[in-house]
Structure formats: structure tokens, C-alpha cells
Amino acid sequence: MKSKKVSESMIEMREMVMPHHTNPQNTIFGGTVMSWVDIAAAMCAAKHCNKPVVTVHVDELHFISPIKIGEHVLIKASINYVGKSSMVIGVKVQSENPYFNEIKTTTRAFLTFVALDSNGNPTEVPAIEIENEVERRRYENAKKRVAAAKKLREGLEK
Ligand SMILES: CC(C)(COP(=O)(O)OP(=O)(O)OC[C@H]1O[C@@H](n2cnc3c(N)ncnc32)[C@H](O)[C@@H]1OP(=O)(O)O)[C@@H](O)C(=O)NCCC(=O)NCCS
């Protein structure tokens with residue numbers, strides 16, 4: 001199977017925080033952000049493998065700062081690492097105040113997706129072609145995260 005560049009599957013989405021997206025503090029509801037993160041990451045994974053994908057694990061999700069009503073939300077997803085049928089996607093969410101052009105990173109997340117064949121079983125995905133130092137760092141960090149999570153899962157009592 002031919003390997004693919006990280007840049008071939010990058011996703012950028014934009015949203016605007018409307019009243020129905022907010023919590024009682026009038027900032028964005030975390031579940032709304034999680035949904036956008038999952039959608040952007042799923043599109044990135046599907047674009048990498050050109051197959052249907054499902055979310056199998058949310059490896060990390062950090063809420064760093066709130067997003068205010070009326071602000072723009074920029075969601076960027078890129079593939080960090082692949083196994084045999086699994087893909088780790090990194091997502092960065094930023095808020096942009098449209099009046100001052102102020103941009104803040106508000107959320108960082110890493111999710112694992114699995115590619116499915118026509119019978120709904122895990123199927124092989126293309127390898128990643130690393131092209132620069134940022135992609136190399138993300139690949140090595142994701143590799144460590146995957147190994148640590150696997151070790152933890154295996155070590156936990158059932
Ligand atoms: C995805 C699914 C088909 C995988 O089935 P499975 O029996 O675990 O398959 P496997 O054991 O062969 O694992 C497949 C891959 O997923 C990875 N995986 C499985 N469980 C995982 C977990 N909890 N965290 C991270 N990776 C996991 C495996 O390491 C393997 O990776 P590899 O092929 O790159 O080595 C099954 O778990 C499923 O259907 N889950 C529900 C998905 C879903 O409904 N998501 C929500 C809506 S999108």
C-alpha cells in the first residue's frame with residue numbers, strides 16, 4: 001500500500017460560538033468542542049485511509065482556555081501516527097476574536113481511529129511519509145502515547 005504525506009489529509013474547520021453552544025457561564029460548552037474535535041479528526045482519518053473510520057479511543061483532551069460567545073473557532077486536525085489499522089489524529093482548537101484578530105489555543109486533543117473494511121472489520125491503513133521536524137516530533141510523541149496507553153490497558157484489572 002502506498003504511503004501518504006501528512007499534508008494530504010490535513011483538515012481545517014471553522015465555527016462561530018452561538019448561544020446554543022454555550023454553558024451557564026456563557027462560554028462554550030465542552031461537549032460542543034469535543035464533538036467538533038471528533039468530527040475534524042474523523043474527516044482527517046478517513047481522508048488518510050480513504051475508508052470508513054470509527055473513533056476507538058480519546059487518548060488526551062485538554063481544555064486550556066474558554067471560548068466566548070461570538071468568537072470564531074478554528075479546528076485543525078492532522079495525522080500523527082499509524083499502526084496497522086489504527087490512526088492517531090492530533091487536533092488543535094483555537095479561538096479567534098474577529099474584532100481584535102486575537103488568536104488563542106483553547107483545546108488540544110489526540111484521538112485514535114480504526115479503518116473498517118466493507119464487513120466492518122479493522123483493515124490496513126497507509127503508512128505516513130514524514131516530511132519535517134514538526135511531523136517527526138508528533139509521530140514520536142504519539143508512538144510513546146500509544147505504547148503507554150497499551151501498557152496501562154494491559155496492566156489494569158478486568
Ligand atoms: C473499532 C473496532 C472495530 C476495533 O475492534 P477490535 O476487536 O478492538 O479490533 P482489534 O483488536 O483488531 O484492534 C484494531 C486496532 O484498534 C486498536 N485499538 C483497539 N482498542 C483500542 C483502544 N481502546 N485504544 C487504542 N487503540 C485501540 C488496536 O491496537 C488495533 O490497532 P492496530 O491495527 O493499528 O494494531 C471496535 O472496537 C468497535 O467497533 N468499536 C466501536 C467504535 C465506535 O462505535 N465508535 C464510536 C462512533 S464512531
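Along the sequence shown, the residues carry numbers beginning at 1. Numbering of ligands and ligand atoms starts at 1, following listing order. All figures in this text were calculated on a predicted structure; none of them were measured in a lab.
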Would a distance-only check, ignoring hydrogens and angles, find a side-chain to backbone donor-acceptor pair under 3.5 Å from Lys4 to Ser9?
no
Does the cation-pi check pass for Arg138 over Tyr81, that is, NZ or CZ under 6.0 Å from the six-membered ring centre and within 45° of its axis?
no
Mind checking whether Leu74 and Lys76 have side chains closer than 4.5 Å, heavy atoms only?
yes
Identify whether the distance between the nearest side-chain nitrogen and carboxylate oxygen of Lys104 and Glu96 falls below 4.0 Å.
no
For ligand 1, indicate whether the residue Lys84 contacts it via side chain, backbone, both or neither (heavy-atom separation under 4.0 Å).
both
Would you say atom 34 (O) of ligand 1 has a protein heavy atom nearer than 4.0 Å?
yes
Below 4.0 Å from ligand 1: does a non-hydrogen atom of Arg153 turn up there or not?
yes
Which atoms of ligand 1 have any heavy atom of Gly83 under 4.0 Å away?
34 (O)
Polar contact flag for Thr112 and ligand 1 (N/O pairs, less than 3.5 Å):
no
Hey, is atom 39 (O) of ligand 1 touched by any protein heavy atom at less than 4.0 Å?
no
Non-hydrogen protein atom less than 4.0 angstrom from atom 29 (O) of ligand 1:
no
Does the protein place any heavy atom closer than 4.0 Å to atom 24 (N) of ligand 1?
yes
Please list the nearest protein heavy atom to atom 31 (O) of ligand 1 with its residue and the distance rounded to 0.1 Å.
Ser86 OG, 3.4 Å
Working to the nearest 0.5 angstrom, can you tell me the gap between Lys51 NZ and Asp117 CG?
8.0 Å
Is atom 44 (O) of ligand 1 close to the protein, meaning a heavy atom under 4.0 Å from it?
no
In terms of residue, atom name and distance, what is the protein heavy atom nearest to atom 1 (C) of ligand 1?
Val54 CG2, 3.7 Å
Provide the number and element of each atom of ligand 1 under 4.0 Å from a heavy atom of Val114.
1 (C), 15 (C), 16 (O)
With Thr112, the side chain to side chain donor-acceptor pair (under 3.5 Å) member among Asn80, Asp59, Thr55
Asp59
Do the charged groups of Arg145 and Glu60 touch, with an N to O distance under 4.0 Å?
yes
Among protein heavy atoms, which lies nearest atom 36 (C) of ligand 1, and at what distance?
Val56 CG2, 5.0 Å
What protein heavy atom sits nearest atom 42 (C) of ligand 1, and how far away is it?
Thr55 O, 3.5 Å
Tell me which protein heavy atom sits closest to atom 14 (C) of ligand 1, plus the residue, atom name and distance to 0.1 Å.
Ser85 OG, 3.5 Å
Rounded at 0.5 Å granularity, tell me how far NZ in Lys47 sits from OG in Ser78.
12.0 Å
Lys5 NZ: over 12 foreign heavy atoms closer than 6.0 Å:
no
Taking Asn23 for the side chain and Asn26 for the main chain, is one N or O donor matched with an acceptor at less than 3.5 Å?
yes
Shortest protein contact, atom 9 (O) of ligand 1 (heavy atom only):
Pro122 CG, 3.6 Å
If only atom types and distance count, is the side chain of His72 paired as donor or acceptor with the main-chain N or O of Pro98 below 3.5 Å?
no
Atom 3 (C) of ligand 1 - nearest protein heavy atom and its distance
Leu116 CD2, 3.9 Å
